[in-house]
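A note on names: the letters A, B, ... follow the listed sequences, proteins ahead of strands, and every chain is numbered from 1.
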There are 4 protein chains.
Amino acid sequence: MTEEVTPRGRGRPRDEDTRARILSAALQILEDQSFATATTDAIAEKAGASKATIYRWWPNKSAVMVEALREAVAQELPFPDTGSLGEDIRLQLRNFIRLLTGRRGRIFKAFVAAAQNDSEVSDAFRSVWVRPRRMAAKAGLERHRGVTLRNEIDLELLMDILYGPLYYRLLVGHAPLTEKYVDTLAELVLRSITKEA
Amino acid sequence: MTEEVTPRGRGRPRDEDTRARILSAALQILEDQSFATATTDAIAEKAGASKATIYRWWPNKSAVMVEALREAVAQELPFPDTGSLGEDIRLQLRNFIRLLTGRRGRIFKAFVAAAQNDSEVSDAFRSVWVRPRRMAAKAGLERHRGVTLRNEIDLELLMDILYGPLYYRLLVGHAPLTEKYVDTLAELVLRSITKEA
Amino acid sequence: MTEEVTPRGRGRPRDEDTRARILSAALQILEDQSFATATTDAIAEKAGASKATIYRWWPNKSAVMVEALREAVAQELPFPDTGSLGEDIRLQLRNFIRLLTGRRGRIFKAFVAAAQNDSEVSDAFRSVWVRPRRMAAKAGLERHRGVTLRNEIDLELLMDILYGPLYYRLLVGHAPLTEKYVDTLAELVLRSITKEA
Amino acid sequence: MTEEVTPRGRGRPRDEDTRARILSAALQILEDQSFATATTDAIAEKAGASKATIYRWWPNKSAVMVEALREAVAQELPFPDTGSLGEDIRLQLRNFIRLLTGRRGRIFKAFVAAAQNDSEVSDAFRSVWVRPRRMAAKAGLERHRGVTLRNEIDLELLMDILYGPLYYRLLVGHAPLTEKYVDTLAELVLRSITKEA
DNA sequence: ATCTAATCGAGACGGTACGTCGAGTCTTCCC
DNA sequence: GGGAAGACTCGACGTACCGTCTCGATTAGAT
């Protein structure tokens with residue numbers, strides 16, 4: 001996306017390696033520590049870059065984080081396609097909690113937290129992470145509509161019912177995110193969305 | 001905790017009015033403005049108190065907020081009891097989104113945000129707000145078990161399915177929280193939890 | 001000057017010791033090193049104070065320096081009164097070069113330098129140092145007017161002729177400031193300002 | 001120094017026009033604006049050159065400034081020769097204050113300032129500007145020695161008495177540099193250096 | 001007519017100081 | 001002894017300038 005032609009302006013080109021190191025450092029600090037510990041100085045030092053370079057390319061700390069998230073997101077799993085609605089959902093939810101309970105989980109918590117105080121982060125989080133994921137997931141589910149998935153089901157609502165509980169547990173932390181939990185969740189939800197034979 | 005009887009030491013007793021003004025100021029700033037403006041200085045000024053007084057009675061800013069939340073929570077609505085499972089759920093969800101979309105909504109966002117970086121806030125938020133609410137709601141739903149509610153339904157999971165989507169929309173903000181939305185949500189969930197006639 | 005009554009406002013009073021330590025640290029750094037090395041961080045550290053405290057009381061680094069100068073100035077020698085015009089001048093000039101060639105000399109160089117780029121420093125330097133010194137010196141010389149000092153001599157000009165060469169050598173550094181030099185200077189100037197017997 | 005013959009290496013030769021534009025830009029910025037705005041970036045931009053070019057030919061900013069000064073100096077007035085000691089002095093001082101009070105005055109202030117923190121600038125300022133001027137002036141005055149100028153007068157001291165007050169007023173700014181002022185100054189000094197008839 | 005070496009403009013980069021702001025602590029006086 | 005006022009330390013923030021660096025484009029002398 002975005003052409004990538006860039007007619008090669010005159011000066012010294014941006015050092016892509018530095019950019020990568022900054023984003024990687026940002027992610028790592030987010031993973032290892034809290035959002036609060038992730039100072040720009042710390043990122044700069046870990047990346048072997050200077051603070052000035054960071055602020056040349058990103059308007060503030062949040063923007064760096066958002067871009068770091070974008071990088072990380074690129075590696076994530078696609079929506080599964082097993083042919084079975086139930087299996088698709090179960091797999092997708094399992095993949096998701098594996099992500100959330102792993103080191104990356106901290107990142108999501110941090111982002112949702114930051115988004116509450118900063119509408120730029122909020123917008124970015126939605127457009128970079130939430131929306132693409134939901135689109136992919138919806139496309140995957142759409143394949144089942146009319147087959148095993150009831151015609152009248154609103155996929156937006158379905159997304160919320162599937163992912164809402166996971167975000168809820170992640171952020172509020174009143175109970176753990178286990179495979180067993182998502183399986184039960186999937187089972188319950190399936191009950192209300194599948195066509196009766 | 002609490003009672004404390006206060007053996008009435010020598011000096012001037014704690015000024016309860018000051019305490020109330022501080023908590024009220026904290027809440028109001030959270031409601032009216034951003035979390036960023038909710039500095040301890042701002043709270044102290046709005047309350048006509050001094051920062052020292054705040055830190056005499058609470059260990060840090062989060063603790064003040066948590067206690068403010070506790071005060072606010074005391075006024076909230078009890079779980080409805082209409083006799084109908086569906087009606088109970090619908091009403092409860094409607095009450096909840098009315099709360100979230102009102103001025104108090106900002107408070108919840110702020111708390112979930114703060115909870116991600118501060119386990120004390122996290123614990124407090126759960127024990128002061130989440131757990132009591134869930135207990136009450138579960139008790140309300142329990143009344144319908146075996147009647148219209150299927151026996152094998154795990155109420156913990158049911159809570160997550162009902163509230164998770166609302167928290168999700170509140171925190172991620174990808175779509176608005178409307179009455180129509182919660183009605184559809186309730187309808188879908190009911191489908192999978194009600195006893196077949 | 002400036003009343004000094006200060007009806008003792010309510011809060012914690014300014015820590016005069018900290019103020020003194022900051023000014024002393026500023027002076028010392030100026031003496032030991034260059035104006036450039038005198039970073040606010042360095043001053044703060046040496047003073048055992050925090051940068052915030054410095055910026056609470058002074059708008060910028062220059063202002064700290066100016067006040068430091070004011071403190072230092074308070075200790076300087078008064079204009080001598082020997083009864084002899086020539087002796088008064090010689091003594092005063094000798095005192096002055098002793099100051100300039102001592103550790104304090106760097107401070108003056110630094111101030112004149114800073115004054116060229118900053119009109120606040122310039123104003124302050126004049127009002128805190130130059131003007132009081134000139135006033136005192138003029139008062140001292142005025143005692144001789146009509147006695148050994150010719151009536152028509154403009155004391156402003158005389159001040160410039162006496163001190164200008166010293167500032168000149170201090171700042172340009174084309175030749176050293178020695179006692180012999182000021183004695184010769186005094187002798188030459190005296191020739192043109194004394195009443196012929 | 002210099003000739004250098006330049007064995008005419010292979011590559012593209014240095015662009016003399018660029019060099020001139022850089023020096024001119026440096027001077028102009030010093031004249032028009034403050035020393036603070038005379039950043040290397042500003043010079044480069046005004047000269048239509050690049051920072052790299054500046055640093056290829058000069059080791060640092062001060063060196064550029066010094067060379068710019070050298071260029072500017074080349075255009076200055078020679079010492080007058082009217083035949084009269086008093087007239088020579090008066091004219092020379094008038095020329096000098098015309099220079100100092102004109103746009104070039106800022107340059108001198110800037111240089112004396114810079115010289116206090118940088119011995120290279122200090123050395124350069126003396127060798128490029130101060131010494132040649134003093135040499136010329138001394139040669140001019142020497143012509144009068146034994147005629148109207150007293151034999152025993154030390155010309156170094158005389159230079160200081162004539163120029164010191166002007167530098168003093170320029171740098172400290174406690175009073176303006178006017179023609180009337182230099183005339184009075186000249187008159188007073190003449191009194192002590194002329195042979196009694 | 002190439003090839004080659006040095007120059008130039010543009011502008012990214014690391015480093016270092018600046019001046020600001022919020023959290024949490026401490027000190028004084030008043031009640 | 002409690003409380004208001006407010007000074008204090010600590011540490012992160014985002015900005016600016018210096019001097020270095022890497023590009024691609026020029027410009028000549030050497031081949």
Side-chain angles (χ1 to χ4, degrees), chain A residues 8-19 36-42 44-45 47-61, chain B residues 9-15 17-18 36-42 44-45 47-62, chain C residues 8-19 36-42 44 48-61, chain D residues 8-15 17-19 36-42 44-45 47-62:
Chain A
R8 198 61 145 131
R10 293 232 274 176
R12 171 177 178 175
R14 176 174 183 178
D15 186 337
E16 287 301 328
D17 185 49
T18 297
R19 175 178 167 277
T37 327
T39 67
T40 44
D41 285 286
E45 190 180 1
S50 92
K51 231 181 359 162
T53 301
I54 294 180
Y55 283 105
R56 183 192 310 280
W57 296 109
W58 296 277
N60 50 48
K61 198 173 63 169
Chain B
R10 291 230 282 174
R12 172 178 176 179
R14 175 174 184 179
D15 185 338
D17 184 50
T18 297
T37 43
T39 65
T40 44
D41 286 284
E45 189 181 4
S50 89
K51 263 202 303 183
T53 303
I54 294 180
Y55 283 102
R56 184 192 307 281
W57 299 110
W58 294 277
N60 50 46
K61 196 173 70 163
S62 302
Chain C
R8 197 58 144 140
R10 292 233 273 174
R12 170 178 178 176
R14 175 173 184 179
D15 187 337
E16 287 301 329
D17 186 50
T18 297
R19 173 177 168 280
T37 327
T39 67
T40 44
D41 284 285
S50 91
K51 232 181 359 163
T53 301
I54 294 180
Y55 282 104
R56 182 192 309 280
W57 298 109
W58 296 277
N60 50 47
K61 198 173 64 168
Chain D
R8 203 42 177 273
R10 291 232 281 173
R12 171 178 178 174
R14 175 173 184 179
D15 185 338
D17 185 49
T18 297
R19 175 179 167 279
T37 44
T39 65
T40 44
D41 285 283
E45 190 181 2
S50 89
K51 261 201 307 182
T53 303
I54 295 180
Y55 282 103
R56 183 190 308 280
W57 300 110
W58 294 276
N60 51 45
K61 197 173 69 164
S62 301

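- Of the two residues near DNA chain F, A:D41 and C:G48, the one whose nearest nucleotide lies more 5' is C:G48.
- At whole-Å resolution of the value, CD1 in C:I54 and C1' in F:dC10 are 13 Å apart.
- Each of B:R56 and D:A36 was assigned the nucleotide of DNA chain F with the nearest heavy atom; the assignment lying further toward the 5' end belongs to B:R56.
- Following rounding to the nearest Å, C:D17 (CG) and E:dT28 (P) show an atom-to-atom distance of 12 Å.
- Each of F:dC8, E:dG19, F:dG19 was ranked by its minimum atom distance to the side chain of D:K51; first place goes to F:dG19.
- Following rounding to the nearest Å, C:R19 (CZ) and F:dT9 (P) show an atom-to-atom distance of 15 Å.
- Within the nucleic acid shown, C:W58 has no heavy atom closer than 4.0 Å to any nucleic acid atom.
- The base of F:dC21 lies close enough to the side chain of A:R12 for a donor and an acceptor atom to sit less than 3.5 Å apart.
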Criterion side-chain contact (heavy atoms from CB on, under 4.5 Å) on C:Y55 and C:T40, from CA distance to verdict: CA-CA 9 Å; C:Y55 282 104; C:T40 44; 3.1 Å; yes
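- Nucleic acid contact for A:A52: base, since at least one base atom lies under 4.0 Å from a heavy atom of the residue.
- Figure legend: cation-pi geometry between D:R19 and D:W57 absent, as NZ or CZ is not positioned both under 6.0 Å from the six-membered ring centre and within 45° of its axis.
- Nucleic acid contact for D:T40: sugar-phosphate only, since backbone atoms but no base atoms lie under 4.0 Å from a heavy atom of the residue.
- Distance from the side chain of D:T53 is smallest to E:dC8 among E:dC8, F:dC13, F:dT9.
- Regarding D:E45, its CD atom lies at a distance of 10 Å from the P atom of E:dG11, rounded to whole Å.
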